[in-house]
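All remarks here apply to the structure that follows.
What you see below is based on every heavy atom in this structure, not just the backbone, and it leaves out hydrogens, waters and symmetry mates. Residues: numbered from 1 along the sequence shown.
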Amino acid sequence: MNRIQMQLSRGLRHLTIGATAKRIFGLLNVAVLLRFLSLVDYGLLSLIYSIYNLLDLLMGLKQGDLVVAHCSQARGKGDRKEAEELFQSYLLLIVIGAGLIMSVSLLGKHLFLRRYPVLASIYWPLLAGILFTPIKGIINVYLRIKQDFGLIKLTDIVRSIGLTSGYVILVGWLGEGLRGAIIAYAIASFMPLFFVGRRLISEATRSIIRPTIGPMVALLRGEGKWQLSRYGIVTLHGSARPWLIQLVLGTEAVALFQAAKAVIGIPKDILPIKNVLIPLMSHELPDRNRLDRLYADACRYATWLFSAMAIGIVLLAPGMFTVVFPKYQEAIPVIQLMSLNFLTAGLGHAQIPLFYALRLQMAYFFTTAINLGSMLIFSVPFMLMFGVQGMALIFVLNGIMITLIRHYYLIRRFPEISFTWANLVKLSHQDRQFVKNLLLGG
């Protein structure tokens, strides 16, 4: 097995373990919060976390993957200075954004508390949560640039353990309620700094002492604007779909589709292929032969992994929903239909990092917009003909269509990408070594 395959299998194994741990602890978190928080407090906590996610977007402008790609390309060319300047500029952008948000929060404290007196007892923990929210994303970007996937796994697991422990102690044992949950979130968000804090603080200090926002401004004026616009399209897509189902079929259909989508989303969550491939492909860009081999291998391995997950979901979903979630048994055929999307999902997940490596964010944006447009045009007639399974069918057809559009765009734009459909099913000794290393390590 060559060096690139070894890096891919090792990185994917580490991130899959970390993502699986987050999933497991996430379920424990929900169980603790539902057990010990009132319905009102749980609702408020959900709103607060949604605000944290919005503020995290405003501070980093969703540029993390682009920063990873560009820094990895610079490191691949041997230009570490360019990579350091871009990362420091990214840090400075977040520091400026966090400073502005904290300033507004402090100056507007009395106004906020007069408007929302319920926040009085949790105001300072809320601000701590705002301040610490970007830490996870910064660490993730930093370690992906360094290709230190093992440390990403460790920080993910530690943060997950810290959050669950905080909920159990502060919410369950001490009875601190909503305030305890927010404090637990702030502490857990801070904990990963114990592993990389010294290096990040050094980078942040340099970015403040020698401010260099120029690289991020250039990035935002170029590919960054397409990245941010694409995120808006994705958000609109996710928000519009349940409302269309509600308008055509009603609330129960929304619940069935969303339950099915949650199950279908599990493989994407626990197989974060994109997070491994963006730095690897971007780093290998100067050598197009190695990039070509990496892309071919990634398409093949991702197709195998997602196909295996599809088979598992088709076989396990009936039993799980019949025994554990009997109210959602009608979602079983929807899940089984949507699992057909996995036949091309592997190829699709390998394509995305290539768009980053080759700096094709505009094309990535337009294909994402086509996906949204197709959903808006065809979902209503399909739902009128086939019910909620009509939306599931659109989900599958759109996934296949967009993957094929992106495939033919890539091979026409870069003919040297010697991808063949036979590549998806061939099996060599190196492939067997990859699977062994992925499952058992090495």
- Query: Between Phe190 and Phe194, what is the ring plane arrangement, given parallel below 30°, perpendicular above 60°, and tilted in between?
  - Reply: perpendicular
- Query: When you measure from the side chain of Ser89 to the backbone N and O of Glu85, does any donor-acceptor pair fall under 3.5 Å?
  - Reply: no
- With distance as the sole criterion, is a donor-acceptor pair present between the side chains of Ser160 and Arg23 under 3.5 Å? no
- Message: Would you say that more than 12 heavy atoms from the other residues, nucleotides or ligands in this model lie under 6.0 Å from the NZ of Lys268, or not?
- Response: no
- Return yes if a side-chain donor-acceptor contact under 3.5 Å exists between Gln227 and Tyr356, otherwise no. yes
- Can you find a pair of side-chain heavy atoms, one from Arg359 and one from His70, that are under 4.5 Å apart? yes
- Item | Asp56 bridged to Lys136 by N-O distance under 4.0 Å | no
- Query: Near Lys62 NZ, under 6.0 Å, is it more than 12 heavy atoms from other residues, nucleotides or ligands?
  - Reply: no
- So among Leu404, Leu397, Ile405, which one has a side-chain contact (heavy atoms from CB on, under 4.5 Å) with Met401? Ile405
- Item | Shortest non-hydrogen contact between Thr155 and Pro192, atoms and distance | CB-CB, 4.0 Å
- Message: Cation-pi check for Phe257 against Arg241: NZ or CZ below 6.0 Å from the six-membered ring centre and within 45 degrees of the axis, yes or no?
- Response: no
- Query: If you count the non-hydrogen atoms of other residues, nucleotides and ligands that lie under 6.0 Å from CD in Gln147, is the total more than 12?
  - Reply: yes
- Query: What is the ring orientation for Phe87 with Tyr90, classed by angle as parallel under 30°, tilted 30 to 60°, or perpendicular over 60°?
  - Reply: tilted
- Query: If only atom types and distance count, is the side chain of Asn398 paired as donor or acceptor with the main-chain N or O of Asn371 below 3.5 Å?
  - Reply: yes
- Task: May I ask you to decide if Ile370's main-chain N or O and Ser374's side chain share a donor-acceptor pair within less than 3.5 Å?
- Result: no
- Query: If you measure only the distance, is there a donor-acceptor pair under 3.5 Å linking the side chains of Tyr123 and Ser105?
  - Reply: no
- Query: Would you find a donor on one side and an acceptor on the other, under 3.5 Å apart, between the side chain of His283 and the backbone of Pro279?
  - Reply: no
- Other residues, nucleotides, ligands: >12 heavy atoms within 6.0 Å of Glu252 CD: no
- Task: Report yes if some heavy atom in the side chain of Leu86 is under 4.5 Å from a heavy atom in the side chain of Cys71; otherwise report no.
- Result: yes
